[in-house]
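Side chains are part of it too, since the values below use all heavy atoms of this structure and drop only hydrogens, waters and symmetry mates.
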Amino acid sequence: MDSTVALPQPQYATHEVTNQAPPLAPYDASDDPALLEGLRREGAEWAEEGIRRLGARAGSAEAQEWGELANRHEPELRTHDRYGNRVDEVDFHPSWHHLMRVAVGEGLAGAPWTDDRPGAHVARTAGGLVWGHTESGHGCPTSMTYAAVPALRAQPELAKVYEPLLTSRVYEPGLRVPAEKPGLLAGMGMTEKQGGSDVRTNTTAATPTAEPGVYTLRGHKWFTSAPMCDVFLVLAQAPGGLSCFLVPRVLPDGSRNAFRIQRLKDKLGNRSNASSEPEFDGTVAWLVGPEGRGVKTIIEMVNCTRLDCVMNSATLMRKTLVEAGHHVRHRSAFGARLVDQPLMRNVLADLALESEAATTLTLRLAGAADRAVRGDEQERAFRRIATAVGKYWVTKRGPAFTAEALECLGGNGYVEDSGMPRHYREAPLLSIWEGSGNVNALDVLRALAREPGAADALFGELALARGADARLDATVTGLRSELAEADQVSARRLVERMALALQASLLVRYAPAAVADAFCATRLGGDWGHAFGTLPAGTGLDAILERALPGGN
């Protein structure tokens, strides 16, 4: 007979988990009416099926884990191989390559430049708005690759060689002769430690060689992201002034170009992406555009990457709103679900207004970019000023937005494994990259002074909503008088009002009445506090949340 006596098992009641939200993934990152409506409105309705498919993939448990792992296991610099040879390579976690392979394969890099369908650039932006729910760092090389194409066209013989590879949907990591790869990535090197945004103070020197169009560079760049890209557009001082150059990592004969990575930046956020300080010493480079016209040449690249800053800020807003909404639907306090608490509903609805305004403006800017590429001069003028306005304002709103969304999770949002701290650290980058707030505000003043058609295009857009809301009409009238007195001291204030008027005009025309009215009442009418969650009594919170939160509220 078995004499074993069964002993009572201890009960660890304190380990029972209750009142916690389940994992968000899987979810559909494209489940956003503002996104899908904007996609159709801006001429890319043909892409909706693909965007929905990509949204489901972005919200999958697998893709969400890729984003987490790519940031947990940061890039590592290898300056030399085991034998002592200089290699200057950066190693990435496999998750980074998974993310990049999907992004490039889905056309989020250079592919739109060879797509003749109207709305191709809108479709790319919409793809970024959903695939960015995974993580933000890998959006840097895809953005620079996209932006390099129009700049490279300033030198047609180089564009003929490299454009088919930069617009490819094939991602192939590793340094090899560019022309022998099925697809390329491009980066850029503009800033130096003594100048930052003041690139005309660059000291990197470009010396002509005996071969026409070929130079050698000597100097040091301060911020060059994604150093494992295949080619870079770089600014340097040629005999004729500041000029733009194409710098490959590997030369046509298979030898390594001099691209000595001194260190990787230890950044606040964007940690999955390597940002580096490369040194050039006898580095071979090809001239892009005329000598002395470097800023004019590379500004085509900057216009594109600024749009991507707006897009990525809007993506972070949407992602953190979805995270906050998911949490409050499953968490209870004081006898009710958080989502049913009136004050929490006010916070969420206020965030939803900000998110929809950012997404709607992003897609309008993408539509302008698409039509400008196809020769629409009115849209080109609108894009010129509105992109700088959007870059200033939407990226400025990002950090405050993500902080408030994080707070909706309380202490749960403050711990790393919630993912919210990563989003919070990412948000400030987008206001800094491609020109800080001051740089973009001054760029708006420059456009107003030097390009008369820019102001006309902006007010032409605002006029499309004339008469729909008295608060918007009053704001537009005030803007006209403010332009006559615009100066540096008031530049930020002016650009902020431009951005709010532009967002309001789009919402008045396209969003449900509850959304448009609440936005105009608060952002234009002044019936608002100084933090999110201060919408006035009588605001249609239910209608706003029903639209904004996936699966209803």
Side-chain angles (χ1 to χ4, degrees), residues 110 113 121 143-160 162-163 166 186-192 195-206 208 212-215 217 219 221 223-224 231-247 285-309 365 368-369 372-377 379-389 391-392 433-436 438-455 457:
W113 296 108
H121 296 268
S143 178
M144 292 189 297
T145 302
Y146 170 70
V149 174
L152 193 60
R153 287 175 176 176
Q155 204 71 28
E157 62 272 25
L158 291 176
K160 182 178 179 180
Y162 291 101
E163 185 171 329
L166 293 169
M188 65 178 174
M190 296 175 62
T191 61
E192 297 182 3
S197 296
D198 188 6
V199 295
R200 294 190 184 277
T201 64
N202 282 6
T203 61
T204 297
V214 181
Y215 294 65
L217 308 185
K221 293 296 179 181
F223 270 97
T224 299
V231 296
F232 293 82
L233 290 179
V234 172
L235 292 179
Q237 298 287 357
L242 189 66
S243 306
C244 182
F245 296 90
L246 180 73
V247 175
W286 281 262
L287 182 66
V288 180
E291 273 196 13
R293 304 297 297 276
V295 172
K296 182 175 178 59
T297 300
I298 212 167
I299 201 68
E300 290 298 323
M301 193 172 191
V302 173
N303 284 334
C304 293
T305 48
R306 282 182 175 174
L307 172 57
D308 278 9
C309 288
L365 295 176
V373 165
R374 301 175 198 284
D376 188 323
E377 291 302 320
E379 288 290 83
R380 186 186 302 278
F382 174 75
R383 174 202 183 201
R384 170 67 182 89
I385 191 168
T387 300
V389 168
K391 165 65 167 72
Y392 172 83
W433 188 35
E434 299 304 4
S436 64
N438 283 354
V439 169
N440 278 272
L442 293 174
D443 192 39
V444 172
L445 294 187
R446 188 178 303 112
L448 292 171
R450 299 181 183 178
E451 303 177 39

| message | So which atom in L235 and which in T204 form the shortest heavy-atom distance, rounded to 0.1 Å? | response | O-CB, 4.3 Å
| Regarding S243 and E291, is there a side-chain donor-to-acceptor distance under 3.5 Å anywhere? | no
| message | Please report the interatomic distance CE(M190) to CZ(F232), rounded to the nearest 0.5 Å. | response | 14.5 Å
| note | Closest non-hydrogen contact found for K391 with G435 is NZ-O, 2.9 Å
| Is the count of non-hydrogen atoms from other residues, nucleotides or ligands lying under 6.0 Å from R380 atom CZ greater than 12? | yes
| message | Any non-hydrogen side-chain atom of N440 less than 4.5 Å from a side-chain atom of R306? | response | yes
| task | Determine, stepwise, if the pair E451 / R384 fulfils salt bridge (Lys or Arg N to Asp or Glu O under 4.0 Å). | result | CA-CA 9 Å; E451 303 177 39; R384 170 67 182 89; 3.1 Å; yes
| query | Taking all non-hydrogen atoms of both residues, which atom of L287 and which atom of L158 are closest, and how far apart? | reply | O-CD1, 3.7 Å
| What closest approach, in Å, do T224 and G189 show between heavy atoms, and which atom pair accounts for it? | OG1-CA, 3.8 Å
| query | Should R450 and D443 count as an ion pair when the cut-off is N to O under 4.0 Å? | reply | no
| task | Mind checking ring pair (Phe, Tyr, Trp, His ring centres under 6.0 Å) for F382 and listing every partner two or more places apart, or none if nothing turns up? | result | none
| said: Under the rule for side-chain contact (heavy atoms from CB on, under 4.5 Å), what residues qualify as partners of P208, not counting sequence neighbours? | reply: Y215, P239
| field | Ion pair K160/E157, N-O distance below 4.0 Å | value | no
| Charged N-O contact under 4.0 Å between K221 and E192 | yes
| query | Are I385 and L448 close enough that some pair of their side-chain heavy atoms sits under 4.5 Å apart? | reply | yes
| field | Distance in Å, L242 CG paired with K296 NZ, rounded so as to fall on 0.5 Å steps | value | 14.0 Å
| Interatomic spacing from OG1 in T305 to CD in E300 - rounded to 0.5 Å | 11.0 Å
| query | Considering all heavy atoms of both residues, which atom of G289 and which atom of T297 are nearest to each other, and what is their separation? | reply | CA-OG1, 4.2 Å
I'd like a table of donor-acceptor pairs (distance under 3.5 Å, sequence neighbours excluded) in which one partner is a side-chain atom from residues 143-150, with atom names and distances.
residue: S143; atom: OG; partner: D308; partner atom: OD2; Å: 2.7
residue: T145; atom: OG1; partner: P141; partner atom: O; Å: 2.7
residue: T145; atom: OG1; partner: A186; partner atom: N; Å: 2.9
residue: Y146; atom: OH; partner: H121; partner atom: ND1; Å: 2.8

| query | Is the number of heavy atoms from other residues, nucleotides or ligands within 6.0 Å of CZ (R200) greater than 12? | reply | no
| task | For the residue pair L152 and Y162, establish whether any side-chain heavy-atom pair is separated by less than 4.5 Å. | result | yes
| said: Tell me if a side-chain donor or acceptor on T201 pairs with a main-chain N or O of D198 at a distance below 3.5 Å. | reply: yes
| request: Would you tell me whether T203 and Q237 have side-chain atoms, one donor and one acceptor, within less than 3.5 Å of each other? | output: no
| field | Minimal non-hydrogen separation, A368 against E379, with atom names | value | CA-OE2, 3.4 Å
| task | Side-chain contact test, heavy atoms from C-beta onward, threshold under 4.5 Å: evaluate it for V444 versus Y392 and give yes or no. | result | no
| task | Rounded to the nearest 0.5 Å, what's the gap from CG on N438 to CG on L442? Could you check? | result | 6.0 Å
| said: Using side-chain heavy atoms (C-beta onward) and a distance below 4.5 Å, is L365 in contact with R383? | reply: no
